[in-house]
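Everything quoted here is computed from the prediction, not taken from an experiment. Computation of the quantities below employed the complete heavy-atom set of this structure, encompassing side-chain atoms and omitting hydrogens, waters and symmetry-equivalent molecules.
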Amino acid sequence: MSRERLIRNAQKISVPGTAVRAAWLLVVFMGGFGQDAAAQACPGVTLATGLRVPLGVTLSNEGNLIVSESGTAAVHSGRISILAPNGTRRTLLDGLPSGLNDVGEPSGPAGIIMRGRTAYVLIGVGDSVLAGPIPTTHLPNPAVSSPVYSSVLAIHFSANVEKNTAGFVLSLADQAALADGETVILSNGRGDTIEIELVTNFPNYVPAPQPGFPALVRASNPFSVALAGNDLYVTDGSRNLVWAVDIPTGAHAALVEFPPVANPLFGVPGVPGGPTVEAVPTGIALADRQLLVALFRGVPFPPGTSTIMQVDPSTGGQAAFISGLKTAIGVIQTKDRGDVGYLVLQHSSGLGPFFGGPGVVLGFDSAGPSPAVLANCLTRPSSMVLDEKAGILYVAEIGGRVVALSIGS
């Protein structure tokens, strides 16, 4: 989508049933996108609040958002919600695996994608690992709370269930059955059922010993997912790779691994971090038979090092596609009347290390360096999905909010 079309598409957005029924989408152009946009106006409409750390959002063929929520401080509080266009939330499935990770934050349901009547849901690392004796290192947790952390689940449910259900609950016994390869069928007592299967179970961790610390491990932490034919492509933010998963067999293998890059803030007084920063792949999307992968980058999250990579799903070959970003966490290709563009979601936009500055949505009309800033005051955004017919971009925030932004048509 071109910059000129983005300007023409700046328009009112009306979301029935929300407290604020209309807001102007402000499209702001900058000479670059490294500057802090906090002073700019705040576009968009709050569609919903109070979600449990939403990390993934997708659209169903019934026009609803299906949101994966990582959970609360309580174990097994992961949830999948159905969010209607008017902001009404209903539970599809509760009781999904969730545990506090090594930094004390909930880790459970993460990326989600839907095809037909099946939702493919990633389950994060949960409490599979504990903080190690060296910063950013891990040790195995001998008392892990679920056998299906670091996995992909397939949830099959009918359109009637999506329209009418009051929710289903997954038990710990159900989780054990999934780990044993069984299909779990849940009923709500009204004749409605959903079926849940384990597609694949990644290793919770692999050995990563360091001198003097032979027990250290590196966790597997699935974050986002793309779908092409019978293959799922899953980013692993801890292992710095993309998994290729064959849906019919459940076989998985690393498609591509991303190396670290130089840390431009190394040696700056008061800024932690070593001479390099890790890739930390987050968002992933399919675009013209290629994969676009957002590399968030690791501590201290230096601006300008985050990148959108293009990956060939056949060979694993990789090349930089959009560079110079800060904490990129999502990417979408757009097509409008022959115009091809890209939306990039940044977790933060500040000039310094860590998460200073608001989260932003950037619009590119090519892989060039001059995007439009489509939203500039998001708070720790985690994922996005585009309703192309309605021209609305939905953005989930870690704090529990989903925002609706009008971007087109």
Side-chain angles (χ1 to χ4, degrees), residues 51-56 67-81 91-112 119-132 136-155 169-182 184 196-208 215-225 232 234-241 243 245 250 252 280-282 296 329 380 382-383 396 398 400:
L51 301 175
R52 303 174 184 172
V53 191
L55 291 189
V67 184
S68 60
E69 301 166 73
S70 206
T72 67
V75 71
H76 305 315
S77 56
R79 185 173 69 181
I80 306 298
S81 286
T91 296
L92 175 63
L93 181 60
D94 209 338
L96 283 159
S98 178
L100 295 183
N101 61 20
D102 59 302
V103 294
E105 295 182 346
S107 175
I112 185 169
Y120 296 96
V121 182
L122 308 184
I123 304 297
V125 67
D127 56 15
S128 298
V129 296
L130 305 172
T136 72
T137 63
H138 299 139
L139 291 169
N141 183 358
V144 63
S145 63
S146 173
V148 289
Y149 285 130
S150 303
S151 69
V152 183
L153 302 182
I155 304 173
V169 178
L170 192 73
S171 69
L172 185 56
D174 294 329
Q175 295 181 32
L178 290 170
D180 287 339
E182 299 178 27
V184 171
I196 307 163
E197 299 175 282
L198 179 71
V199 177
T200 198
N201 205 351
F202 304 113
N204 287 346
Y205 49 78
V206 294
L216 292 180
V217 298
R218 180 175 284 270
S220 299
N221 193 21
F223 185 81
S224 187
V225 57
L232 295 171
V234 177
T235 57
D236 189 325
S238 184
R239 298 277 299 276
N240 295 312
L241 55 78
W243 296 102
V245 179
H252 63 259
V280 190
T282 50
F296 189 92
I329 202 167
R380 298 193 68 190
S382 58
S383 59
I398 285 177

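None of I155, V169, L153 except one satisfies the side chain to side chain contact (heavy atoms under 4.5 Å, CB included) rule with L93; the exception is I155. Screening D236, N221, N240 for a side chain to side chain contact (heavy atoms under 4.5 Å, CB included) with V280, the sole residue that qualifies is N240.
Side-chain contact between V206 and R239 is present, with heavy atoms from C-beta onward closer than 4.5 Å. Residues L139 and L216 have side chains in contact (heavy-atom distance under 4.5 Å, counting atoms from C-beta outward). Within the 4.5 Å cutoff, side-chain heavy atoms of V67 are placed close to those of L51. Residues N141 and V129 form no side-chain contact, since every pair of their non-hydrogen atoms from C-beta on lies 4.5 Å or further apart. Between D127 and L100, the closest side-chain pair of non-hydrogen atoms is not below 4.5 Å. Counting heavy atoms from C-beta on, the side chains of V225 and V152 never come closer than 4.5 Å.
Listed by chain and number, the residues in a side chain to side chain donor-acceptor pair (under 3.5 Å) with S238 amount to none (sequence neighbours excluded). Residues meeting the ring-ring contact (aromatic ring centres under 6.0 Å, His included) test with Y120, sequence neighbours left out: none. Every residue meeting the side chain to side chain donor-acceptor pair (under 3.5 Å) condition with S77, not counting sequence neighbours, appears here in chain and number order: T72.
With S220 contributing its side chain and P203 its backbone, the two residues share a donor-acceptor pair below 3.5 Å. With S383 contributing its side chain and L55 its backbone, the two residues share a donor-acceptor pair below 3.5 Å. Of the possible donor and acceptor atoms, one in the side chain of S382 sits under 3.5 Å from a partner among the backbone N and O of P54. Put simply, the side chain of D180 never gets that close to the backbone of A177: no donor and acceptor are under 3.5 Å apart. A distance-only check finds no donor-acceptor pair linking the side chain of Y149 to the backbone of V144 [under 3.5 Å]. A donor-acceptor contact shorter than 3.5 Å is absent between the side chain of T235 and the backbone of G237. Side-chain atoms of E69 come within 3.5 Å of backbone atoms of R52 as a donor-acceptor pair (strictly under, hydrogens ignored). In terms of modelled atom types and a separation under 3.5 Å, the side chain of S68 and the main chain of A110 share a donor-acceptor contact. A donor-acceptor contact shorter than 3.5 Å is absent between the side chain of S98 and the backbone of H76.
To the nearest 0.5 Å, the span separating CD1 on I123 from CZ on F202 amounts to 11.5 Å. To the nearest 0.5 angstrom, I196 atom CD1 is 7.0 Å from D174 atom CG. Separating the CG atom in L122 from the OG atom in S150 is a distance of 10.0 Å, to the nearest 0.5 Å.
Of all the heavy atoms in P106 and A73, the pair that sits closest is CG-N, 4.4 Å. The nearest pair of heavy atoms linking A119 to I112 is CB-CD1, 4.3 Å. The shortest heavy-atom contact between P222 and S151 is CG-N, 4.3 Å. A pairwise comparison of heavy atoms in A131 and D102 identifies N-CB, 3.7 Å as the closest pair. When all heavy atoms of N201 and P147 are compared, the closest pair comes out as ND2-O, 3.3 Å. Of all non-hydrogen atoms in V121 and P109, the two that sit nearest each other are CG1-CB, 4.2 Å.
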